[in-house]
Colleague: 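So that we are looking at the same thing, I have put the structure below in C-alpha cells.
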Amino acid sequence: MKPVHFFALEVVGRDELNNPIYEPVPIGSYKGVLTQWSLEEIAVMDREVLETHQKLLTDAPRSVLERAERVEIEGVSYAITDLKKDFRRWRLCHVKADDP
C-alpha cells in the first residue's frame with residue numbers, strides 16, 4: 001500500500017467571460033494501490049476502458065471518494081471516473097491517468 005492523496009476541485013475565481021476557474025484542494029490522504037484487471041473483467045469490458053483506466057483499491061472513506069475528483073499516487077495525477085464497490089474496509093474505484 002502506498003500513500004494516496006485525494007483532491008476536490010473548488011472554484012477559486014472567474015475568467016473574463018465569467019467562467020469558473022477551478023483548482024484542486026486537498027481533502028485527505030489514505031492508503032491505496034493500483035490493481036490489475038481480472039480475466040472476467042477483461043472478457044466483458046470495453047477495450048478502450050481497459051487501455052485508459054486503472055483500478056484503485058483504497059481505505060479512503062466513501063464520503064471522501066464521493067467528494068474527490070482527483071487523486072495523486074506516487075506523483076502521478078488521476079481523475080476518479082467511477083466508484084465501483086464499497087467493501088467493509090476498502091473501496092474500489094476506476095481512475096484515469098492524465099494525458100501527458
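Any value given below was found using the heavy atoms of this structure, including those in side chains, with hydrogens, waters and symmetry copies removed.
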Colleague: Could E23 and R70 be called an ion pair, given the rule that one side-chain N must be under 4.0 Å from one carboxylate O?
Modeller: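 No.
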Colleague: Can you hop from Y22 to V25 via hydrophobic side chains spaced under 4.5 Å?
Modeller: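 Shared cluster, no.
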Colleague: Should Y78 and L83 be regarded as members of a common hydrophobic cluster, given that ILVMFWY residues are connected when their side-chain heavy atoms come within less than 4.5 Å of each other, either directly or indirectly?
Modeller: yes
Colleague: As an exercise, state the distance from CD1 of I80 to NZ of K96, rounded to the nearest 0.5 Å.
Modeller: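 So the gap between those two atoms works out to 14.5 Å.
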Colleague: Examine distances only and state if a side-chain atom of D82 and a backbone atom of K84 form a donor-acceptor pair shorter than 3.5 Å.
Modeller: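 Looks like no, no N/O pair under 3.5 Å.
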Colleague: Can you sort out the partners of P26 under side-chain contact (heavy atoms from CB on, under 4.5 Å), two or more places apart, ordered by chain and number?
Modeller: F7
Colleague: Is the closest side-chain heavy-atom distance between Y30 and P3 below 4.5 Å?
Modeller: no
Colleague: Side chains of R67 and I27: does their closest heavy-atom pair fall under 4.5 Å?
Modeller: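 The answer is yes; the side chains approach within 4.5 Å.
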Colleague: Drop me the distance from L56's CG to W90's CH2, to the nearest 0.5 angstrom.
Modeller: 10.5 Å
Colleague: Are V64 and V95 connected in the hydrophobic side-chain network, where two residues link if heavy atoms are under 4.5 Å apart?
Modeller: yes
Colleague: Within the side chain of T58, is there an N or O that forms a donor-acceptor pair under 3.5 Å with the backbone of K31?
Modeller: yes
Colleague: Just verifying a value: how many Å separate I21 CD1 and R14 CZ, rounded to the nearest 0.5 Å?
Modeller: 9.0 Å
Colleague: Show me the pairs that pass salt bridge (charged side-chain N to carboxylate O under 4.0 Å, His left out) and involve residues 71-81, at least two apart or across chains.
Modeller: K2-E74
Colleague: Out of curiosity, R62 CZ to C93 SG, how far, rounded to the nearest 0.5 Å?
Modeller: 10.5 Å
Colleague: Look up atom CZ in R91 and atom CG in D86, then write down how far apart they are to the nearest 0.5 Å.
Modeller: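 With rounding to 0.5 Å, CZ (R91) is 5.0 Å from CG (D86).
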Colleague: When you compare the side chains of T81 and H94, does any donor N or O come within less than 3.5 Å of an acceptor on the partner?
Modeller: no
Colleague: In this structure, would I73 and L92 fall into the same cluster of hydrophobic residues linked by side-chain contacts under 4.5 Å?
Modeller: no
Colleague: For the CZ atom of F87 and the CG atom of L57, what is their distance to the nearest 0.5 Å?
Modeller: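 So the CZ of F87 and the CG of L57 are separated by 7.0 Å.
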